[in-house]
Amino acid sequence: MTRTPTIGVLALQGAVAEHERALKAAGAHTVKVRRAAELQGLDGLIIPGGESTAIARLAAPVGLMPAIRQRHDEGMALFGTCAGLILMADRVLDAEALEGFDRVRGLDVVVRRNAYGSQLDSFETELETQQIPDSQRRLPAVFIRAPIIEDVSGKDVEILAQAELGAGGSHPVVVRQGNRLAASFHPELTADHRLHDLFVTLSGE
Ligand code: GLN
């Protein structure tokens with residue numbers, strides 16, 4: 001049997017308890033992370049949804065964004081959901097409110113904040129996926145003022161789900177690049193935890 005991975009959830013703001021519940025159901029130990037020292041020994045970290053500007057502002061005084069990036073460069077896996085995707089993206093369009101604040105970066109995509117927001121504020125849908133466990137079953141997905149992945153520039157970025165939502169055509173909504181996983185919606189808010197299962201597996205690799 002393989003060992004149980006320890007996965008942190010960044011707990012500055014946003015949906016923390018729901019991620020912990022999903023991770024436990026997927027067989028991981030979980031830890032809330034509020035300080036850089038709490039990143040030690042983690043196999044993976046979830047950067048949750050919430051408000052990317054609030055998370056970036058709260059992280060700044062304790063230097064958490066560069067510390068996460070350093071641990072990630074040393075091998076810690078990352079899973080960003082909604083605001084967490086924004087904080088992991090290499091490029092953010094309409095990012096004035098994030099200017100001057102560190103982000104983790106590293107995920108080779110371009111996102112636009114609140115792009116599903118104005119017409120569709122919050123909605124649930126079912127996605128076709130690939131390369132997640134049992135992917136012939138559709139994955140329920142809750143979008144809350146979600147970012148759009150406008151461009152996937154990195155050649156090694158795999159699109160695990162893509163959807164046509166609103167007026168903007170079809171866009172990726174789940175991507176993976178090595179040990180980076182990101183979703184534009186809130187996978188912790190449904191009872192279907194297959195993305196957490198995938199993340200626990202890739203954190204343990
Ligand atoms: N609109 C939020 C932001 O820019 C993201 C929304 C979410 O995480 N549900 O951070």
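Within a 6.0 Å radius of CD in Glu126, other residues, nucleotides and ligands contribute more than 12 heavy atoms.
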| task | Could you walk me through whether Val174 and Thr129 pass the side-chain contact (heavy atoms from CB on, under 4.5 Å) test, one step at a time? | result | CA-CA 8 Å; Val174 183; Thr129 60; 5.6 Å; no
| task | Run the numbers on Ile159 and Ile149 for side-chain contact (heavy atoms from CB on, under 4.5 Å), then give the verdict. | result | CA-CA 11 Å; Ile159 297 170; Ile149 299 176; over 6 Å; no
| query | Which is it for Ile68 and Met76 under the side-chain contact (heavy atoms from CB on, under 4.5 Å) test, yes or no, and what are the steps along the way? | reply | CA-CA 9 Å; Ile68 292 169; Met76 179 183 74; 4.1 Å; yes
| request: Applying side-chain contact (heavy atoms from CB on, under 4.5 Å), run through Val92 and Arg103 and close with a yes or a no. | output: CA-CA 10 Å; Val92 183; Arg103 293 184 288 114; 3.3 Å; yes
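Among Leu98, Ile86, Leu87, the single residue meeting the side chain to side chain contact (heavy atoms under 4.5 Å, CB included) criterion with Thr53 is Leu98. Exactly one residue among His19, His186, Glu18 makes a side chain to side chain donor-acceptor pair (under 3.5 Å) with Thr81. That residue is His19. Screening Arg69, Met88, His72 for a side chain to side chain contact (heavy atoms under 4.5 Å, CB included) involving Arg105 leaves a single residue, Arg69. Screening Asp197, Thr190, Asp192 for a side chain to side chain donor-acceptor pair (under 3.5 Å) involving Arg194 leaves a single residue, Asp192. A side chain to side chain contact (heavy atoms under 4.5 Å, CB included) with Pro133 is found for one member of Leu198, Thr201, Leu195 and no other, namely Leu198.
With hydrogens and angles disregarded, a donor-acceptor distance shorter than 3.5 Å links the side chain of Asp43 to the backbone of Thr6. In this structure a side-chain-to-backbone donor-acceptor pair under 3.5 Å is present from Asp90 to Gly106. In terms of modelled atom types and a separation under 3.5 Å, the side chain of Gln177 and the main chain of Asp108 share a donor-acceptor contact. Between the side chain of Asn179 and the backbone N or O of Leu202 there is no donor-acceptor pair closer than 3.5 Å.
The distance from the CD atom of Glu96 to the CG atom of Asp94 is 6.0 Å, given to the nearest 0.5 Å. To the nearest 0.5 angstrom, Thr30 atom OG1 is 9.5 Å from Ile46 atom CD1. Expressed to the nearest 0.5 Å, how far CG of Leu139 lies from NE2 of His193 amounts to 10.5 Å. Remark: Glu38 CD to Arg71 CZ distance equals 13.0 Å, nearest 0.5 Å. Here the straight-line distance linking atom OG1 of Thr125 with atom CZ of Arg138 works out to 7.5 Å at 0.5 Å rounding. Atom CZ of residue Arg176 and atom CD of residue Gln130 lie 12.5 Å apart, to the nearest 0.5 angstrom.
When all heavy atoms of Pro147 and Ser184 are compared, the closest pair comes out as O-CB, 3.3 Å. The two atoms that bring Gly204 and Pro5 nearest to each other are CA-CG, 4.1 Å, heavy atoms only. Scanning all heavy atoms of the two residues, the minimum distance from Ile7 to Leu42 falls at C-CD2, 4.4 Å. Nearest heavy atom pair, residue Pro48 against residue Ala15, reads CB-O, 3.5 Å. Closest of all the heavy-atom pairs between Gly44 and Ser203 is CA-OG, 3.8 Å. Nearest approach of Leu107 to Ala182, heavy atoms of both residues: CD2-CB, 3.6 Å.
Inter-residue side-chain proximity for Val33 and Leu64 is flagged as met; some heavy-atom pair is nearer than 4.5 Å. Residues Met65 and Ile55 are in side-chain contact: their nearest non-hydrogen atoms beyond the backbone lie under 4.5 Å apart. Between Glu188 and Arg21 the shortest side-chain heavy-atom distance does not fall below 4.5 Å.
Cluster membership for Val157 and Leu93, using ILVMFWY side-chain heavy atoms within less than 4.5 angstrom, is not shared. Under the 4.5 Å side-chain contact rule for hydrophobic residues, Leu45 and Leu12 share a cluster. No continuous path of hydrophobic side-chain contacts links Leu181 to Val111 [ILVMFWY only; heavy atoms under 4.5 Å]. In the hydrophobic clustering of this structure, Leu85 does not group with Phe79; members are Ile, Leu, Val, Met, Phe, Trp, Tyr whose side-chain heavy atoms approach within less than 4.5 Å, directly or through other members. Following chains of ILVMFWY side-chain contacts shorter than 4.5 Å, one can reach Ile132 starting from Phe199, so the two form part of one hydrophobic cluster.
Using a cutoff of 4.0 Å between basic side-chain nitrogens and carboxylate oxygens, Glu51 and Arg113 are scored as salt-bridged. Salt bridge absent: Glu150 and Arg91 never bring a charged side-chain N and a carboxylate O closer than 4.0 Å.
By the 30° and 60° cut-offs, the orientation of the rings of His171 relative to Tyr116 is perpendicular.
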